[in-house]
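Notes follow once the structure below has been shown.
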Amino acid sequence: YVKVTLFEGTRVIKAKKTRLLACNDVLEFHEKFSILLPGTYLDSVSCVVSLCSRSRFGVKAVMGRTCVGPFAFASGQGLEHWLDMSRSQSEDIVKWHTMI
């Protein structure tokens with residue numbers, strides 16, 4: 001599953017998860033997350049996207065993660081995605097991210 005966590009600084013504001021998928025060679029998640037924020041929050045919040053797994057015994061593990069946010073929290077793809085979303089608030093911005 002994928003977990004999306006919205007942070008204000010280091011404080012968790014909201015977290016959402018996708019449904020669990022069976023393990024395959026290729027995992028595809030076709031889900032949309034929308035979180036409406038006042039423009040004044042855009043410099044103080046960030047979003048961490050984590051790819052997680054859960055074993056048959058309930059043990060959870062993070063397989064990879066990426067951060068999408070302003071300059072203080074993200075860089076590279078995550079910063080670029082955030083800037084695109086900030087500029088185009090009325091349309092959906094879809095991007096692939098590398099998980100580390």
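We number each residue from 1, following the sequence as shown. Because only heavy atoms are used, hydrogens play no part in the values below, and waters and symmetry mates are left out as well, while side chains stay in.
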Considering all heavy atoms of both residues, which atom of Ala15 and which atom of Lys3 are nearest to each other, and what is their separation?
CB-CE, 4.0 Å
Step by step, work out the side-chain contact (heavy atoms from CB on, under 4.5 Å) result for Thr98 and Thr66.
CA-CA 7 Å; Thr98 303; Thr66 190; over 6 Å; no
For the atom pair CZ (Phe73) and CD (Glu8), what is the distance rounded to the nearest 0.5 Å?
8.5 Å
Are Ile13 and Tyr41 linked, directly or through other ILVMFWY residues, by side chains that come within less than 4.5 angstrom of each other?
yes
Does His97 form a side-chain contact (heavy atoms from CB on, under 4.5 Å) with Val68? I'd like the steps, not just the answer.
CA-CA 9 Å; His97 290 269; Val68 178; 4.0 Å; yes
Hydrophobic cluster membership, with links at side-chain heavy-atom distances under 4.5 Å among I/L/V/M/F/W/Y: are Leu83 and Ile93 in one?
no
Any chain of hydrophobic side-chain contacts (each under 4.5 Å) joining Leu51 to Val4?
yes
Path from Met85 to Leu6 over hydrophobic side-chain contacts below 4.5 Å:
yes
Are more than 12 heavy atoms from other residues, nucleotides or ligands located less than 6.0 Å from atom NZ of Lys95?
yes
Step-by-step side-chain contact (heavy atoms from CB on, under 4.5 Å) determination, Trp82 to Val45:
CA-CA 10 Å; Trp82 190 262; Val45 297; 3.7 Å; yes
Shortest non-hydrogen contact between Cys67 and Ala74, atoms and distance:
O-CB, 3.6 Å
For the atom pair OG (Ser46) and CZ (Phe7), what is the distance rounded to the nearest 0.5 Å?
6.5 Å
Taking Ser50 for the side chain and Val62 for the main chain, is one N or O donor matched with an acceptor at less than 3.5 Å?
no
Exercise: identify the closest heavy-atom pair between Tyr1 and Lys17
CE1-CD, 3.7 Å
